[in-house]
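Let me begin by presenting the structure, written as structure tokens, before commenting on it.
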2 protein chains.
Amino acid sequence: MAQYSEQLSGIFQALADPTRRAVLGRLGKGPASISDLAKPFDMTLPSFMKHIHCLEDSGLIQTRKEGRVRTCTIEKQRLAVAEEWLSAQRALWEGRTDRLEQFVTTARNKENSK
Amino acid sequence: MAQYSEQLSGIFQALADPTRRAVLGRLGKGPASISDLAKPFDMTLPSFMKHIHCLEDSGLIQTRKEGRVRTCTIEKQRLAVAEEWLSAQRALWEGRTDRLEQFVTTARNKENSK
DNA sequence: TGAATACTGTGCCATAAGGCAAAGTATAGC
DNA sequence: GCTATACTTTGCCTTATGGCACAGTATTCA
């Protein structure tokens, strides 16, 4: 559960940057290479790579190298961890079980115990 | 929309810290004073105040001072902004409109344009 | 009025984050 | 083999983050 908290921190930290959110948006449409992903951004490759590493460390994407090309794919279950927490919060303060109950079940108490 | 992106960054940044998430968890149960909120944490007050300011700047909480006591309350609509974005992402990669469609409508394109 | 309470402000510190340039490595194509 | 491509590594810089101690202000209570 301390682990769960660190996961959450990493995920939210990764989501806290517009470049990384845009990358996730792009990857939502399908896998892409590093250089394809980097194209829209006015940034050097090494700088961009830091964002990729951040996303990979958080578990939000996975990467795999074939030949000289590294392909990135989105890791759907990982964003669900963030959704779970938010849903748990909402359920908490609304004092009811809503349509997102499915997510809430286990997540609610984990985080509150820090 | 650049504004929307900055809002998102601020919100996710605020959520990226376990202390701040725990504060939100506590405030989900109802308003509380700074010192009540600070009690569970092994941290000096000035340090704790930084977290409060971060949460307030992100809009996730509001505070109001009466006498010498500052009371904090959770700002429910603000967490919804984060939920919207996550839902939009999910809708995007699932290639369908799901039960969270309500959130998705406007948010989808805002962020992708950076 | 004097003391306790509840913040608040200031300044400092160490580490992390996000950017760069320049040089290096490893495949792919000619 | 040589060149171009696609990263990757290294080192450096500036700013932001999260913590501290210490001193200050403003209410409240006796």
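Counting only distance, with no hydrogens or angles, the side chain of A:S47 and the backbone of A:M43 share no donor-acceptor pair below 3.5 Å.
Residues B:C72 and B:L27 come closest through the heavy atom pair O-CD2, 3.4 Å.
Expressed to the nearest 0.5 Å, how far CG of A:D17 lies from SG of A:C54 amounts to 7.5 Å. Note that the OG1 atom of B:T44 and the NZ atom of B:K50 stand 9.0 Å from one another [nearest 0.5 Å].
Neither side chain, A:R64 nor A:T73, offers a donor N or O lying under 3.5 Å from an acceptor on the other.
First and last contacting nucleotides of DNA chain C toward chain A (any atom under 4.0 angstrom from a heavy atom, 5' to 3' order): C:dG18 to C:dA28.
Note: the hydrophobic cluster containing B:L15 also contains B:F48 (ILVMFWY, side chain heavy atoms under 4.5 Å, direct or indirect links).
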Where protein sits on nucleotides 17-30 of chain D, one letter per nucleotide: B base, S sugar-phosphate only, - none, heavy atoms under 4.0 Å: -BBBBB----BS--
Worked check of side-chain contact (heavy atoms from CB on, under 4.5 Å) between A:K76 and B:R90: CA-CA 8 Å; A:K76 306 178 181 182; B:R90 176 173 295 284; 5.8 Å; no
